[in-house]
Amino acid sequence: MLTDDDMEGKSGIDLLKEIRLDEALANTDVFIMSTNGSQEQIVQAMSAGVSGYILKPLNYKVLEQKLISYLQPKSDTDKEASSDTEKENQTDLPAEPKTETETEKPAKPAESN
């Protein structure tokens, strides 16, 4: 699921918290798009269980690449190694979030003769 953080009526983080409390949806990958790149906001999203935090303005080519990389299934060996590493490196604060700030220039239109 891809959601904006600034929605009418509730924030993306509030929506994320509701999703994580619903048994049927709890394991859904949720990505939040936001113009707010503050560490406090990102930590709050990570604490709520965000799969990825994407900064706006969006570059759609980069967004596609990031979503593909976030959603690629890990092999069982990778999952076990990752799980062991996470347990060893566990701290009170979450690790750096996955954010996207890269920009790409649009392609120039083809010249006609």
Start with the C-alpha distance between D29 and Y70, add both sets of side-chain angles, then the distance that settles side-chain contact (heavy atoms from CB on, under 4.5 Å), and finish with yes or no.
-> CA-CA 9 Å; D29 284 308; Y70 292 153; over 6 Å; no
Dump the intermediate steps for side-chain contact (heavy atoms from CB on, under 4.5 Å) on L25 and M1, then the final yes or no.
-> CA-CA 10 Å; L25 301 173; M1 170 182 278; over 6 Å; no
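Rounding to the nearest 0.5 angstrom, the gap separating the CD atom in Q39 from the CE atom in M46 is 10.0 Å. Taking CD1 of I19 as the start and CG of D14 as the end, the distance is 11.0 Å to the nearest 0.5 Å. Going from atom CG of L21 over to atom NZ of K17 covers 9.5 Å, rounded to the nearest 0.5 Å.
Side-chain atoms of R20 do not come within 3.5 Å of backbone N or O of L15 as any donor-acceptor pair. Between the side chain of D5 and the backbone N or O of S11, no donor-acceptor pair lies under 3.5 Å.
No continuous path of ILVMFWY side-chain contacts below 4.5 Å connects L55 to I68, so the two sit in separate hydrophobic clusters.
Here the closest heavy-atom approach between residue I54 and residue L63 is recorded as CD1-CD1, 3.5 Å. The two residues I13 and A48 have their closest heavy-atom pair at CG2-CB, 4.3 Å. Taking each heavy atom of I32 and A45 in turn, the nearest pair found is CD1-CB, 4.4 Å. The shortest non-hydrogen separation linking D4 to D6 is OD1-N, 2.7 Å.
Between Y53 and N36 there is a side-chain heavy-atom pair separated by less than 4.5 Å. Residues D22 and E18 form no side-chain contact, since every pair of their non-hydrogen atoms from C-beta on lies 4.5 Å or further apart.
Within 6.0 Å of the CG atom in N27, the count of heavy atoms belonging to other residues, nucleotides or ligands does not exceed 12.
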